[in-house]
Amino acid sequence: MNDILAKKLKMLPTDPGVYVMLGNDGTVIYVGKAKNLKNRVSQYFHLSPKPEKVMAMVSNIVDFYYIITKSEIDALSLENNLIKKYKPRYNILLKDDKTYPYIKVNLKQNYPVFSVSRKFRRDGARYFGPFMGGVNVKDTLAIITTAFSVRSCNKVIEKSKPQRPCLNYHLGKCTAPCAGYVSEEDYAKQVDGALEFLSGEDNAVEKILTDKMLKCSALEEFELAMSYRDKLKMLEKIKLRRLTALNKFVNADVIAAAENGLYSSINVLFVRGGRMQGGKNFALSDAEDTNGRRLYSFMSQYYGEGQEIPDEILLSEEADDVAALEDFFRETYHKSVKIYVPERGDKKKLAEMAKSNAEDYLEKEVDKIKHKDDMTTAACKKMQKVLSLKNLPRRIECYDISHISGVDKVGSMVVFIDGESARTEYRRFKIKTVEGSNDFACLKEVLLRRLQKLGSEEEEKFPKPDLIVIDGGKGQLSSVKEVFDELGVTDIDLISLAKREEEIFTTLSHEPVVLSRRDYVLRLLQRLRDEAHRFAITYHKRTHEKTNLKSELTGIEGIGEKRRKALMDKFGTVENLKRATKEELLETDGIREKQAEAIINYFKGETK
């Protein structure tokens with residue numbers, strides 16, 4: 001421990017607050033919260049035994065600072081914000097977690113829509129899920145529309161402007177509120193029935209589907225009867241997930257942690273409406289010293305990332321600062337949550353199950369966790385050495401250009417933090433000033449626009465990178481170096497990766513650096529380059545298809561700018577529009593029967 005740290009430790013206050021640990025280059029390596037700053041921060045520097053990861057972190061601490069807060073809740077909120085901002089390498093970082101779908105219902109609408117959402121948002125709508133482990137969200141939505149005839153489309157419904165009902169009405173999957181065929185009161189009853197089913201009530205749905213199947217069978221409508229039979233089979237799968245000793249009102253997450261001194265894991269089981277929905281495992285490489293601290297850190301970040309907050313959180317063991325978390329959820333999200341370790345019954349068995357899952361996952365996945373470290377943080381450290389970089393490349397940005405013969409030119413920026421993709425940081429660029437096919441000029445425009453954001457108000461959205469990687473060889477590198485020199489940028493490393501021989505060019509030498517194809521540094525750069533290429537091509541394809549679609553639409557009589565935009569938003573490509581049925585066209589804002597027929601005739605070559 002250096003003299004600066006020793007002096008600061010003596011002067012620490014006993015107030016609640018947040019402490020920020022800094023590495024030798026001023027990088028934030030850990031952010032923590034404390035009820036008592038003096039006690040908590042001092043613990044790191046005591047000579048008592050500590051897990052290996054904690055010792056590794058402490059050995060890298062060169063300095064720290066702290067922020068005193070009014071309360072522990074304020075400290076928790078600030079801690080979350082700082083972790084999101086700095087992404088410290090020794091904190092629990094929940095990156096690239098697979099998302100599972102929900103069924104979303106916005107009850108503020110006059111005629112609520114039941115739709116699939118990939119993301120849980122705190123927007124006032126009700127969400128049911130997550131759907132995982134063999135229960136398909138689309139199957140569940142099919143049961144709802146079949147049994148209760150609620151709508152799953154996003155048509156804007158205006159009572160004064162009734163529309164033609166779509167195919168779902170004729171199939172009995174919707175009562176067509178868009179056409180004015182059902183009152184708000186009657187539709188509300190349909191919605192209530194669907195909500196009860198999603199909340200755990202299965203019997204009413206089973207009776208409705210059985211009655212419909214028997215009725216169709218009696219009328220010798222066997223194909224429709226088989227459809228209802230299939231829905232009943234889906235329902236049976238859902239019913240099997242009922243936890244018999246738990247009532248249908250139980251909505252809980254069950255969380256357990258396991259660790260082996262170096263690595264750790266978290267398992268989360270989801271119970272919704274008394275049904276077991278499934279579970280997730282998280283492999284961690286954090287610097288928490290106890291499972292109690294680990295559980296607290298996981299919960300504060302996991303639910304702070306926008307995940308659904310259940311009514312109860314059951315833990316396998318005691319977690320730190322549970323009362324502060326409960327207060328934080330109540331004040332920040334207006335959600336009362338009970339967080340506790342169950343002592344008996346089926347809830348205790350669920351907590352034990354989560355613990356067993358976490359331990360099993362850690363035991364079986366430890367080699368994968370080590371390999372992940374080799375491919376990410378270890379590769380970043382090695383990259384700094386083998387390429388003689390000024391900075392440890394924690395935040396790496398990679399750029400690529402995509403176009404077809406100079407048409408619809410776009411640029412992509414992908415971001416990796418500590419060797420892993422940070423998709424929320426990706427950015428797209430439309431090339432504005434370059435005429436014709438000139439990749440060098442396109443790269444210069446993109447990098448000029450990006451680097452001009454350094455030191456501006458936009459730097460919060462575009463943090464300064466440690467390293468910029470260009471897809472290309474010497475020429476591309478030289479073009480971008482001109483931009484660096486023009487703007488006086490000297491504190492960001494710059495390299496390029498040439499595809500054919502996988503040569504790495506730097507600004508330090510005319511000769512390329514050639515690494516083994518198996519080298520983790522090269523593999524990391526390849527992942528970056530390939531991701532930038534994929535992202536650029538995807539954006540270019542979308543832009544090009546919209547350009548083609550807009551061009552096609554200008555030739556159709558009666559389709560003005562407003563209708564063109566609506567059609568482009570709905571169908572996206574010419575091919576999608578060509579395949580569209582009349583019913584699908586009529587679902588588009590502003591498209592009436594006359595315009596729908598004009599579009600169909602145009603693509604049949606029957607325009608006059």
Qualifying residues under side-chain hydrogen bond (donor to acceptor under 3.5 Å, both in side chains), relative to Ser297, sequence neighbours excluded: Glu288
Side chain proximity check, Thr145 to Asn168, heavy atoms < 4.5 angstrom: no
Salt bridge (charged side-chain N to carboxylate O under 4.0 Å, His left out) assessment of Arg272 paired with Asp253: CA-CA 9 Å; Arg272 298 292 183 271; Asp253 287 354; 2.9 Å; yes
Any donor-acceptor N/O pair, Arg121 side chain to Ala125 backbone, under 3.5 Å: no
Over 12 non-hydrogen atoms of neighbours within 6.0 angstrom of CD in Glu352: yes
With Thr376 via side-chain hydrogen bond (donor to acceptor under 3.5 Å, both in side chains) - residues at least two apart: none
Sidechain-backbone polar pair: Glu318 side chain, Val341 backbone, donor-acceptor under 3.5 Å: no
Leu315 side chain near Met299 side chain, heavy-atom distance below 4.5 Å: yes
Where at least one partner belongs to residues 180-191, residue pairs that pass salt bridge (charged side-chain N to carboxylate O under 4.0 Å, His left out), sequence neighbours excluded: Lys159-Glu184
Centroid-centroid distance, Phe282 to Phe298, less than 6.0 Å: yes
Ring centers of Tyr303, Phe329 separated by less than 6.0 Å: yes
All side-chain hydrogen bond (donor to acceptor under 3.5 Å, both in side chains) counterparts of Lys207, not counting sequence neighbours: Asp211
Check: Tyr263 and Leu362 side chains under 4.5 Å, non-hydrogen atoms: yes
Backbone of Gly193 reached by a side-chain donor or acceptor of Glu196 within 3.5 Å: no
Side-chain (Gln163) to main-chain (Ala179) donor-acceptor, under 3.5 angstrom: no
Atom pair OG/CE of Ser217 and Met226 - distance to nearest 0.5 Å: 11.0 Å
Which residues share a side-chain contact (heavy atoms from CB on, under 4.5 Å) with Ala194, sequence neighbours left out: Phe114, Ile144, Phe148
Exercise: do Arg428 and Ser412 side chains pair donor with acceptor under 3.5 Å: no
Partner set under salt bridge (charged side-chain N to carboxylate O under 4.0 Å, His left out) for Lys104, not counting sequence neighbours: Asp123
Contacts of type side-chain contact (heavy atoms from CB on, under 4.5 Å), residue Ala142, not counting sequence neighbours: Lys231
Contacts of Asn81 that satisfy side-chain contact (heavy atoms from CB on, under 4.5 Å) - sequence neighbours left out: Ser77
More than 12 heavy atoms of other groups within 6.0 Å of Arg164 CZ: no
Pairs meeting criterion ring-ring contact (aromatic ring centres under 6.0 Å, His included) with involvement of residues 149-199, two or more places apart: Tyr111-Tyr187, Tyr169-Tyr181
Main-chain N/O of Arg427 paired to Glu425 side chain as donor or acceptor, under 3.5 Å: no
Which residues share a side-chain contact (heavy atoms from CB on, under 4.5 Å) with Glu531, sequence neighbours left out: Val414, Phe416, Arg423, Tyr426, Arg534
Residue list, side-chain hydrogen bond (donor to acceptor under 3.5 Å, both in side chains) with Asp192, at least two apart or on another chain: none
Main-chain N/O of Ala257 paired with Lys355 side-chain donor or acceptor, under 3.5 Å: yes
Partners passing salt bridge (charged side-chain N to carboxylate O under 4.0 Å, His left out) against Arg126 (at least two apart in sequence or in another chain): none
Donor-acceptor contact present, side-chain Arg527 to main-chain Gly419, <3.5 Å: yes
